[in-house]
Amino acid sequence: MARDGRIDGSTLWGPFCWLVAQGTAVWLLRKHAPNHDPFLLPLVGLLTGWSIVLQDRLAPNFLIRQVIWVVLGTAVLVGIAILPRNLGWLRRYRYTLLLAGILLLVATLLFGINPTGASVAEYWLRLPIPFLTPVYFQPSELLKLLLVIFLASYFDEREMLRKPTGNGRLQNISYLAPLLLMWSFCMILLVWQRDLGAATLFFIVFLSLLYLATGDWRVVAGGTGLLLLAGVFAYFAFSLVTLRIDAWWNPWPDFDNRAFQIVQSLYAVAAGGIWGQGVGQGFPQYIPVVHSDFAFAAIAEEWGLIGSLGVVGLFALLAHRGMRLALLAERPFRRYLAAGITILLAAQAFLIMGGVTKLLPLTGVTLPFVSYGGSSMLISHVMAGLLLYLSTKTRPIHL
């Protein structure tokens with residue numbers, strides 16, 4: 001109505017597809033998993049519905065693809081929540097799954113492309129699906145989930161790491177050797193590929209789960225120090241990191257060139273005020289790639305502080321329910337899996353929201369369930385489906 005003064009089918013078909021998908025998901029979960037967590041699906045549904053509205057506003061050319069990914073992701077979420085009898089095969093084949101993810105990441109070094117045609121950020125592989133428009137997949141999105149599964153399975157077998165000695169040190173550091181080896185290999189590949197946002201997420205998830213497994217606060221202190229040292233090294237070694245750090249520290253000297261994106265994001269956030277410009281009333285399209293990396297800035301401009309805090313609240317509630325599942329889980333693998341998935345989603349949301357508002361350096365990750373991107377949307381739904389599955393295997397969830 002704000003753009004054309006009317007509402008027609010071209011505007012309503014996306015929300016209608018979303019409504020059918022959500023309604024079907026609610027019916028199937030109530031029928032086949034009646035004791036599932038009642039908050040998870042509504043939270044995911046609200047975020048994905050918001051995503052469809054955003055894509056119709058910001059990038060109508062991508063709306064069809066986004067609706068397809070949302071519907072497909074919802075189907076995958078429900079399938080994971082109600083179909084598996086157990087997740088034992090994830091534990092048994094953890095090395096195989098992680099190795100497959102690493103091989104896909106290596107393939108991007110050799111055959112990676114950028115769907116936009118740019119010669120930078122070639123993080124995608126083209127899937128050879130006949131009779132369809134080109135479909136691209138970002139292996140680092142899958143590798144994040146596979147790493148969480150690997151860590152959860154590894155700590156499940158090394159539950160003795162939860163029993164520190166009297167002075168808080170690990171009883172047997174040798175148990176960490178395979179873990180550190182696999183994680184270091186992933187990090188080297190990601191840094192080599194220049195996908196530093198994914199590398200940061202890997203580090204956060206690894207450090208968090210290691211702390212949960214050991215209870216040693218020095219893990220966090222040492223890991224934070226290593227992260228700062230890595231940031232200093234990357235600042236001088238990689239031009240992309242240099243640009244993002246400089247734009248975060250002081251974007252104004254280069255506001256019309258390299259820092260244009262973050263400056264326009266700050267203008268959008270400021271223009272939104274408390275109540276926002278209104279849907280379709282602002283100018284978020286001034287921000288390059290606003291439909292993907294800077295979706296939160298568009299929300300801040302057109303929905304204002306109220307909408308921004310709404311998104312923050314949704315992810316905070318999602319994190320609360322996920323960590324509650326981890327506390328209620330009776331088996332170590334399920335506990336670590338729920339905690340790892342929750343930390344991954346919460347950290348990714350925090351990194352991009354902090355980057356858009358210049359609280360943190362921009363990492364280039366997507367806002368889960370909201371930003372445009374098929375790989376991110378599908379893998380995020382897989383993780384939400386795993387949380388729903390785990391919620392059916394714990395003690396009853398009370399509101």
Side-chain angles (χ1 to χ4, degrees), residues 14 17-18 20-22 24-25 28-29 40-41 43-52 54-55 59 62-84 87 90 97-98 100-105 107-108 112-115 123-129 132-149 195 197-198 201-202 205 291-293 295 315 318 322 337 340-342 344-349 352 364-390:
C17 293
W18 169 87
V20 171
Q22 293 299 313
T24 304
L28 288 173
L29 287 176
L40 291 176
L41 182 62
L43 289 171
V44 172
L46 180 51
L47 289 169
T48 55
W50 211 331
S51 172
I52 290 175
L54 277 178
Q55 295 311 313
F62 296 126
L63 178 60
I64 295 178
R65 291 192 177 193
Q66 188 74 344
V67 172
I68 291 174
W69 285 118
V70 168
V71 172
L72 180 60
T74 304
V76 171
L77 177 149
V78 174
I80 292 175
I82 65 179
L83 292 181
L87 299 178
L90 291 179
L97 292 172
L98 186 62
I102 292 175
L103 291 177
L104 283 175
L105 194 61
T108 61
I113 59 177
N114 190 316
Y123 304 151
W124 289 265
L125 292 175
R126 180 172 178 174
L127 300 180
I129 301 178
L132 291 178
T133 57
V135 177
Y136 301 95
F137 179 72
Q138 192 171 357
S140 61
E141 292 289 339
L142 176 61
L143 189 57
K144 289 186 295 187
L145 175 58
L146 294 180
L147 181 65
V148 170
I149 294 171
D195 191 357
L201 281 175
F202 273 41
V205 172
H291 62 288
S292 181
D293 295 354
F315 281 106
L318 183 62
L337 183 60
I341 290 174
T342 304
L344 179 57
L345 290 173
Q348 185 170 335
I352 189 57
V365 297
T366 57
L367 186 60
F369 304 109
V370 177
S371 296
Y372 173 78
S375 304
S376 174
M377 185 66 71
L378 186 59
I379 297 303
S380 296
H381 276 88
V382 171
M383 290 190 283
L386 286 171
L387 288 179
L388 276 168
Y389 173 84
L390 293 174

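Index from 1, following the sequence. Predicted model only: the values in this text are computed from it and were never measured.
Note that CD1 of I149 is 4.5 Å distant from CG of L90, once rounded to the nearest 0.5 Å. A distance of 11.0 Å separates OG1 in T108 from CZ in F137, rounded to the nearest 0.5 Å. Taken from CG in L146 to CD1 in I102, the straight-line distance is 9.0 Å, to the nearest 0.5 Å.
The shortest side-chain heavy-atom distance between T24 and L28 falls under the 4.5 Å cut-off. Residues L142 and V382 fail the side-chain proximity criterion, which asks for heavy atoms closer than 4.5 Å. The shortest side-chain heavy-atom distance between L77 and L41 falls under the 4.5 Å cut-off. Side-chain contact between F315 and L43: absent, with no pair of heavy atoms (C-beta onward) separated by less than 4.5 Å. Considering only heavy atoms from C-beta on, L105 comes within 4.5 Å of S140 through its side chain. Inter-residue side-chain proximity for L143 and L98 is flagged as met; some heavy-atom pair is nearer than 4.5 Å.
Ring orientation note: the planes of F369 and H381 are nearly perpendicular, at an angle over 60° on the 30°/60° scale.
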Could you walk me through whether L87 and L390 pass side-chain contact (heavy atoms from CB on, under 4.5 Å), step by step?
CA-CA 10 Å; L87 299 178; L390 293 174; 4.1 Å; yes
As a quick check of understanding, evaluate side-chain contact (heavy atoms from CB on, under 4.5 Å) for Y372 and R65, giving each step before the final call.
CA-CA 9 Å; Y372 173 78; R65 291 192 177 193; 3.5 Å; yes
What do the steps show when you test L345 against I341 for side-chain contact (heavy atoms from CB on, under 4.5 Å), and what is the final call?
CA-CA 6 Å; L345 290 173; I341 290 174; 4.1 Å; yes
side-chain contact (heavy atoms from CB on, under 4.5 Å) evaluation trace for L344 with M383
CA-CA 9 Å; L344 179 57; M383 290 190 283; 3.4 Å; yes
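Q22 meets the side chain to side chain donor-acceptor pair (under 3.5 Å) test with no other residue; sequence neighbours excluded. Every residue meeting the side chain to side chain contact (heavy atoms under 4.5 Å, CB included) condition with A81, not counting sequence neighbours, appears here in chain and number order: L29, L388. Here W18 pairs with T48 under the side chain to side chain donor-acceptor pair (under 3.5 Å) rule; sequence neighbours left out. Not counting sequence neighbours, the partners of T366 by the side chain to side chain donor-acceptor pair (under 3.5 Å) test are Q348, S376.
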Which side-chain N or O atoms in residues 66-74 pair as donor and acceptor under 3.5 Å with protein atoms at least two apart or in another chain?
{"from": "Q66", "atom 1": "NE2", "to": "S51", "atom 2": "OG", "distance (Å)": "2.6"}
{"from": "Q66", "atom 1": "NE2", "to": "S371", "atom 2": "O", "distance (Å)": "3.2"}
{"from": "T74", "atom 1": "OG1", "to": "V70", "atom 2": "O", "distance (Å)": "2.8"}

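Of all heavy-atom pairs between V78 and A25, the closest is CG2-CB, 3.5 Å. A pairwise comparison of heavy atoms in G322 and T342 identifies CA-OG1, 3.1 Å as the closest pair. Taking both residues in full, the closest heavy atoms of P139 and L125 are given as CG-CD1, 3.8 Å, listed atom of the first, atom of the second, then distance.
Each salt bridge (charged side-chain N to carboxylate O under 4.0 Å, His left out) pair with one or both residues in residues 367-382, not counting sequence neighbours, would appear here, but there are none.
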